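If you're wondering where the values come from, they're calculated on a predicted model, not measured in any experiment. Numbers restart at 1 for each chain; the letters A, B, ... are given by sequence-line order, proteins then strands. The analysis underlying the following values was restricted to heavy atoms, covering all of them including side chains, and did not include hydrogens, waters or symmetry mates.
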Number of protein chains: 2
Amino acid sequence: MGLIHVMGFAVTIHENEKARIPFAEQAYSELKRQILTNELPHGSQFLEQEIAEQLSMSRTPTREAMVRLANEGLVEVRPRHGMRVLPISPKDMAEVYGIITALESSAAGILAGMDLSEDGLQSLMKAVDDMDTALEHDDLNSWVIADYEFHRQMVVLTGSVRMLQLVDTFRDQIHRVRMTTLHMRPKPYKSNEDHRAVVAAILARDVKKARDIQRNHQEMAAKMLIKLLNENHMTHI
Amino acid sequence: MGLIHVMGFAVTIHENEKARIPFAEQAYSELKRQILTNELPHGSQFLEQEIAEQLSMSRTPTREAMVRLANEGLVEVRPRHGMRVLPISPKDMAEVYGIITALESSAAGILAGMDLSEDGLQSLMKAVDDMDTALEHDDLNSWVIADYEFHRQMVVLTGSVRMLQLVDTFRDQIHRVRMTTLHMRPKPYKSNEDHRAVVAAILARDVKKARDIQRNHQEMAAKMLIKLLNENHMTHI
DNA sequence: ACTTTCAATAACGTATACTTAAACTTAAAT
DNA sequence: ATTTAAGTTTAAGTATACGTTATTGAAAGT
């Protein structure tokens, strides 16, 4: 059984169709899926009972899933009001981007400073190529996937499972905003350039440069998105 | 009721002795306390039942606490083996320090780039002074507390609650190691210097310098601790 | 002795039952 | 009419009950 990450979703592959998935786990991934796809829109609230019924299981595993989602910052659990899908404000965006920026710029520096495998390098360059192709075809959906893959792969290659888990978690937190703003923002030509530049810096083993480019890239992205939110009076998405 | 963080412990202050604390919450903080103080040593294992009895409550809130601790990386929960306090390897230390370094160096940069309040600045300088005093008196316990306070305060001042929660979590993960190595390492004169230098860079509004000093400071600390662990064949603490 | 099979045990996952107290209703009083 | 107080409802927190299945230990076979 393996896990593949696609756009923040943990997709489970059943190789030996043996292990049955515990209800608590099912509840967690199903709820998370519903939140990320906006099936459960921000602000919507549900009592334990309601969720349990919707998932056709008892409150016990439901509750466990809710606790986990709350820890991840996707929902809020208030004692007699159930679980509420948290909206994201510009301030939240700034915080989350601040964390992702810190982690990913560090990751870029780590890659520049280590012996990166040929395969690893290829996976990065493939992601950038995919981004270019997607942009040529004006295929924004493919572009997000490739972009996501690039950022994720960079952290994967550092070998830090903790760092990977963190960026995954925080990317999930702002997934909704990224998707809704995707068609409102200018075409991301600059992003592709930046990514190529990061790869170049990694290849040149220039640690500081790799960090700086990645940091700047993220800071620009955050600035643009937050500006977009404010201009469109989307104070909480 | 307020929370004060001292050395990774969330100490609850009962001001209006009104709100009763849910068992799940009690279980969480009590178990966490026991793990951080080494009352539950690394590697030790406990069944849900045993923990529930020790805390004189049922398995339900106990289980909830275990899930949360597992999410934080302090314990591991394996289906029929109960909860096991996770040991920390040099590789774990490297990962955790990698994350703290990324976050705190970013935090230092943020402080240098923003209008820091007079109070905020004072709190940082006070922590450095406390570190000096502690070192003069050869009082390592006070030194750790002041050091902890400095690092924590830096993140507090950025205003990012998410970043604060992260560094708290990861600091907790390596708390044991820091405490056991405290008396094995050379006197931390260099740390105090570094901290002063960071404050100076923040005052000078030199963003890059603040980041660089903080990063270097942490990287040196990590290197030293990991070396110490390896030299003393402490492969998992 | 060492491995393998099978049965007994018990730990976990989940459901359900119970208790408490917050939130809502209704009624009374100003 | 607005606030206050009492009563009712019900969601959450916790305990307990139950079924399933991994683990363990003994017995049988090599």
| message | Assess whether a salt bridge exists between B:Glu64 and A:Arg63, defined as any Lys/Arg side-chain N lying under 4.0 Å from an Asp/Glu carboxylate O. | response | yes
| query | Taking the inter-plane angle between the rings of A:His236 and A:His42 on a 0 to 90° scale, is it parallel (under 30°), tilted (30 to 60°) or perpendicular (over 60°)? | reply |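 Ring orientation of A:His236 relative to A:His42: perpendicular.
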| task | Specify whether B:His195 and B:Phe150 have parallel, tilted or perpendicular ring planes, treating 30° as the upper limit for parallel and 60° as the lower limit for perpendicular. | result |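 It falls in the parallel class, under 30°.
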[X] [atom1] - [N] [atom2] separation (whole Å):
X: B:Gln49; N: C:dG13; atom1: CD; atom2: C1'; result: 14 Å
X: B:Glu48; N: D:dT16; atom1: CD; atom2: P; result: 15 Å
X: B:Leu47; N: C:dG13; atom1: CG; atom2: P; result: 12 Å

| Are B:Glu118 and B:Gln122 close enough that a side-chain donor and a side-chain acceptor fall under 3.5 Å? | yes
Can you tabulate the close N/O pairs, meaning under 3.5 Å, that link protein atoms to atoms of nucleotides 20-26 of chain D?
residue, atom, partner, partner atom, Å
D:dT21, O2, B:Arg80, NH2, 3.2
D:dA22, O4', B:Arg80, NE, 3.2
D:dT23, OP1, B:His81, NE2, 3.2

| Nucleic acid contacts - residues 50-72 of chain B versus DNA chain C, non-hydrogen atoms under 4.0 Å |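 Here the set is B:Arg59, B:Arg63.
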| said: A:Lys32 and salt bridge (Lys or Arg N to Asp or Glu O under 4.0 Å): which single residue from A:Glu25, A:Glu72, A:Glu39 fits? | reply: A:Glu72
| said: So, taking the atom named CD in A:Glu104 and the one named CE in A:Met163, what distance separates them when rounded to the nearest 0.5 Å? | reply: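 It comes to 10.0 Å.
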| said: Would you compute the distance between atom CE of A:Met93 and atom CD of A:Gln173 and round it to the nearest 0.5 angstrom? | reply: 11.0 Å
| Over all atoms of both residues, closest heavy-atom pair of B:Asp130 and B:Ala146 | CB-CB, 3.7 Å
